[in-house]
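Worksheet: the structure to be examined is printed underneath.
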2 protein chains.
Amino acid sequence: MSVSTVPLITNHLVNLLSEKERVLLLQHCDVVELEFGTLLCEPQQRYRYLYFPLSGFISLVTKLAGHKPLEMGLIGNEGMLGVTLALGITTAPMQAVVQGKGTAWRIDIAALQQLLHDCPQLQHILQQYLFVLMAQLSQSAACAHFHELDYRLARWLLMSHDRAHSNDFHLTHQFLADMLGVRRSGVTVAAGILQQKQYISYSRGMISILDRTALKHAACECYQVGIDNYRRLLGEPIPDTAKRLLAEQGTP
Amino acid sequence: MSVSTVPLITNHLVNLLSEKERVLLLQHCDVVELEFGTLLCEPQQRYRYLYFPLSGFISLVTKLAGHKPLEMGLIGNEGMLGVTLALGITTAPMQAVVQGKGTAWRIDIAALQQLLHDCPQLQHILQQYLFVLMAQLSQSAACAHFHELDYRLARWLLMSHDRAHSNDFHLTHQFLADMLGVRRSGVTVAAGILQQKQYISYSRGMISILDRTALKHAACECYQVGIDNYRRLLGEPIPDTAKRLLAEQGTP
DNA sequence: GTGGCTCTGTGCGCTAAGCCACTAAGTTAT
DNA sequence: ATAACTTAGTGGCTTAGCGCACAGAGCCAC
């Protein structure tokens, strides 16, 4: 990781900590690669590590027997995986799978559990984030139930874009279909329209965001609601300047 | 409230406390009537009271602009309203509305906040329940997305039945439709089938559960999953004997 | 009673999205 | 280079659920 990218790609929750607690936390963290598709935890299973994504991002997924998966939440460098540890619970509520390849800080669950005793700020931030995640769950639930596929697709593309730190990222129609809980060919149609309108372009699993503003208008309000919910409790997820910069530069 | 019903209708979370903490908690509680339809809190708004339902029960509802409401969770005497206080947060994540008339213990938010410092058990139980509620949210989300109305209807009837402590309770088709996020006439059709099969009977807003076992088979697995999730962390929500008793005696 | 209100039953046309199946276009491996 | 695989595009048919609209039926108030 070059010096210049360090201040940009960090974890916002960690950033909110005081110098003291941050140092304490990072002492116990390893930088690890998140590989696309890796299962990080399974519902009701104990897990060993928590993750603070830096450039990678993670999907929270619910599965019902005989059905496609359904994504309930997305975790990038604005959040963390395993926040229910703030409740003293060491089993996962949902399946978590790496959706965007990249890096993350990883910490042993026991280490963080220990740290929580000594770090009131850390505890507070985890609690705030847990609340935000709950809001995200219920928003996504209603969104999946009421909003049509095209709106939802635009929303997920934006959410992924926010967390990918690049205008291009890996996402096949099949994967998207699984996240949205719909057929693959339904995604093909909806994505085809967005491509025709030049909001996005894609080919064989690489999606490029061409017109973020237009995409925002094509998405349901749930996107903005999610942002607002986060901001209310935890501030600007990524400084706007940094975000704009990234959106403009894309992949070099 | 007669002496004989007191041990039956209590709050399970409160029951789990040690004698000492329970006394401490109940010192600050008032018994209040929950009136059907009362709004107890609004999303993002501060609220003043928390509720431990005894015989009444409460719906957690999400609304999207231009759409019907959608119920995400149900809170009876196995749970509580306002559990996010365990995160130190004093605004509501969702709208809460009384779905089943009855009684509840009510406590001032500041009082409970204070108690949480001195009552480690209380804190622990609230945390466990919050986790259960999260699981309920994501289960309901996927259920609403994938499962057909008839299954979902059976599920909600069962969940309401569990919390109503009676075989008969007030529920119009319109209200059910709002909870399930569908048209009223859709509910009429689905409920009509259940009535034809003699699983339930209803008239003008009063629903009677006739055959609980059959209803269970008509419901999706989400019902059982919810029960199991609760049981894993907090034990049997209502002792089975009590439940059977109640199911048999119904309203005198 | 009579009128008004609430709750339930029913029908009709429409649409988003389901299932299934096949083609075509890139990519990777041998 | 050819085969095998992955990804994307397309079409036909089915269906759950929507919106709308109206009719009947029980209940309450005056």
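For clarity, every value in this text was computed on a predicted model and none was experimentally measured.
Residue L81(B) forms a side-chain contact (heavy atoms from CB on, under 4.5 Å) with just one option from L50(B), I75(B), V98(B), and that option is I75(B).
Aromatic pair F131(A)/Y230(A): ring centres not closer than 6.0 Å. Checked against a 6.0 Å centroid threshold, the rings of H67(B) and H145(A) do not count as neighbours.
Straight-line distance from the CG atom of L180(B) to the P atom of dC18(D): 10 Å, rounded to whole Å. The distance between atom NE2 of H67(A) and atom P of dG18(C), rounded to the nearest whole Å, is 11 Å. As a whole-Å value, the separation of L176(B) CG from dC7(C) P is 12 Å. In this structure, I193(A) atom CD1 and dG9(D) atom P are separated by 12 Å, rounded to whole Å. In this entry the distance linking NE2 of H170(B) with C1' of dG26(D) reads 15 Å, nearest Å. Rounded to a whole Å, the CD atom of E148(B) is 12 Å from the P atom of dT15(D). Distance Q174(B) CD to dG9(C) C1': 14 Å, rounded to the nearest Å. We find that CZ of F36(B) is positioned 13 Å from P of dT6(C), with the value rounded to whole Å.
The side chain of T172(B) approaches dT8(C) more closely than any other nucleotide in the set dA17(C), dT8(C), dA8(D). With dA16(D), dG11(C), dC19(C) as the choices, the nucleotide that has an atom nearest any side-chain atom of S185(B) turns out to be dG11(C). Side chain of T188(A), nearest nucleotide from dT10(C), dA16(C), dT10(D): dT10(D). With dA17(C), dC19(C), dG9(C) as the candidates, the nucleotide lying closest to the side chain of H173(B) is dG9(C). When each of dT7(D), dT6(C), dG11(D) is scored by its nearest atom to the side-chain atoms of R204(B), the top-ranked nucleotide is dT6(C).
A donor-acceptor contact under 3.5 Å links the side chain of R183(B) to the base of dG19(D).
Nearest-nucleotide mapping onto DNA chain C: of H147(A) and R184(A), the residue sitting toward the 5' end is H147(A). Each of L149(B) and G205(A) has a nearest nucleotide on DNA chain D; the 5'-most of these lies closest to G205(A).
As judged by a 4.0 angstrom heavy-atom cut-off over every strand, G186(B) is placed among residues making no nucleic acid contact.
Regarding contacts with the backbone of dG9(C), a side-chain N or O of Y202(B) is found under 4.0 angstrom from either OP1 or OP2.
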task: Begin from the C-alpha positions of T188(B) and H173(B) and carry the test side chain to side chain donor-acceptor pair (under 3.5 Å) through to its verdict.
output: CA-CA 6 Å; T188(B) 298; H173(B) 292 185; 3.0 Å; yes
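With a 6.0 Å cutoff to the six-membered ring centre and a 45° limit on the axis angle, R106(B) counts as a cation-pi contact of Y49(B).
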